[in-house]
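These numbers come from a predicted model, not from an experiment.
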2 protein chains.
Amino acid sequence: MLNIKIPFRKHQFDARKEAILDAVNSLLAEKGFDLMTMDDVADRVGIAKGSLYKHFSSKEKLAAAALTRLLRETNDELDRMPADWRAIQRLEQILRWSIHRRLQGGVPFLPSTRGALQRSLMLSLDYMTVAYAMNKRFRALASEARASGDLATDVSDDVIVFTLYSRSCDPTVEFLRQAGTLSDEQIVESMVAATFGGIRAR
Amino acid sequence: MLNIKIPFRKHQFDARKEAILDAVNSLLAEKGFDLMTMDDVADRVGIAKGSLYKHFSSKEKLAAAALTRLLRETNDELDRMPADWRAIQRLEQILRWSIHRRLQGGVPFLPSTRGALQRSLMLSLDYMTVAYAMNKRFRALASEARASGDLATDVSDDVIVFTLYSRSCDPTVEFLRQAGTLSDEQIVESMVAATFGGIRAR
DNA sequence: GTCTATACACCGATAGAC
DNA sequence: GTCTATCGGTGTATAGAC
């Protein structure tokens, strides 16, 4: 009976861990890393602050775990796409998915290129592994799309990849939501149209 | 002789005020509002922290003054443009100017839509006045450009204006600079090309 | 007005009882 | 493993001497 109870407890433990990451994800979206406090996280999950440290040894590790999970989900979304889609189609869809998730409150902020978090991310093997894998896939899609003649000739692959990363945390989304003139679906399509087609008349 | 010395002192005072704003601008660009401390500012200017409060009564007021000066300069840049330029040309040039300034370290970060700073900005008459004026000019340019058929039909004026705001603090710039494959001038032109022409082949 | 010193609050992390 | 209580450090803002 002990070999039944142990897996059960472990299940409980993992479930709480997921709940913590959910809270962190939404808090990162709301306030960003610097303004998010461990008290915020503990309050939202409904546990004591001290208990958080039984799961994650620091605030940076906590955020790294949340971001790692997010990157994994992005990879999963890429896996789910139909096999016959063109590269340009996949790139467009992954942006659409990102903005959609963000509007639902699940996708975080821009991790600033400086500061303690960035340093901690670099030291996280989990994070770096999945980040490297995702980056590789994006670059492959970019060069495939370029080979098919689907990408603008006056922007390099670097610009393509970084632009798509950045659009995931573009404040335009917040502005448009606050303006209130567009539905969520219209916001997503406007952003995709502006990113891929530009804002100048064609 | 007193009426000579008083304006001189006032001149000294104002000069120091400008020096403080310079320091704040570069610090905001480097670390953002949350991570910037009053000690940082005082150290960079070379004065004591307490003295800062003789010029600005709070950290938020300090940042608001720096951002207000930046918006004024943006307005000045719009004023400097040749009278015969088309609206689309002006919009393109103001983006080019923004990114150029940012690469030189003078343009701040993304002011997050939440937090103490945003609240303080809303209460600042100076900031709101110049922000409102600039917004008005941008909207006028957008609708003029649209009337001329120079803007994409599938993005609204809201999207045009907010997109240009957001491109001024787009992390793509940081990424490209870190990648090191493009010169500053190439970064500016890539961003302008990607924003106005999009990343999809035309 | 500029300095030094300090009050006051907040936050990350830890200790120790249960 | 969860809780309460607290330490140590940092940051904004102020007080008071000069």
Without hydrogens or angle criteria, can the side chains of Asp126(B) and Thr68(B) be said to hold a donor-acceptor pair below 3.5 Å?
-> no
Pairs satisfying side chain to side chain donor-acceptor pair (under 3.5 Å), at least one member in residues 187-197 of chain A, at least two apart = Arg96(A)-Glu189(A)
So, is the end of the Lys17(A) side chain (NZ or CZ) under 6.0 Å from the ring centre of Phe56(A) and within 45° of the ring's axis?
-> yes
Walking along DNA chain D from 5' to 3', note the first and the last nucleotide with an atom under 4.0 Å from a heavy atom of chain A, and give both.
-> dT2(D) to dT4(D)
Listed partners of Tyr165(B) passing side-chain hydrogen bond (donor to acceptor under 3.5 Å, both in side chains), at least two apart | Asn135(B)
How long is the line joining CG of Asp40(A) and P of dC10(C), in whole Å?
-> 12 Å
Atom CG of Asp39(B) and atom P of dA5(C) are separated, to the nearest Å, by 14 Å
Within a reach of under 6.0 Å around CZ of Arg86(B), are more than 12 heavy atoms found that belong to other residues, nucleotides or ligands?
-> no
Ignoring hydrogens and angles, tell me if any N or O in the side chain of Gln186(A) forms a donor-acceptor pair with the backbone of Ser183(A) under 3.5 Å.
-> yes
Expected list for residues 43-59 of chain B near DNA chain D, using heavy atoms below 4.0 Å, is Lys49(B), Gly50(B), Tyr53(B), Ser58(B), Lys59(B)
Sequence neighbours excluded, which residues qualify as side-chain hydrogen bond (donor to acceptor under 3.5 Å, both in side chains) partners of Glu73(A)?
-> Arg101(A)
Ring pair (Phe, Tyr, Trp, His ring centres under 6.0 Å) involving Tyr132(B) - partner list, sequence neighbours excluded | none
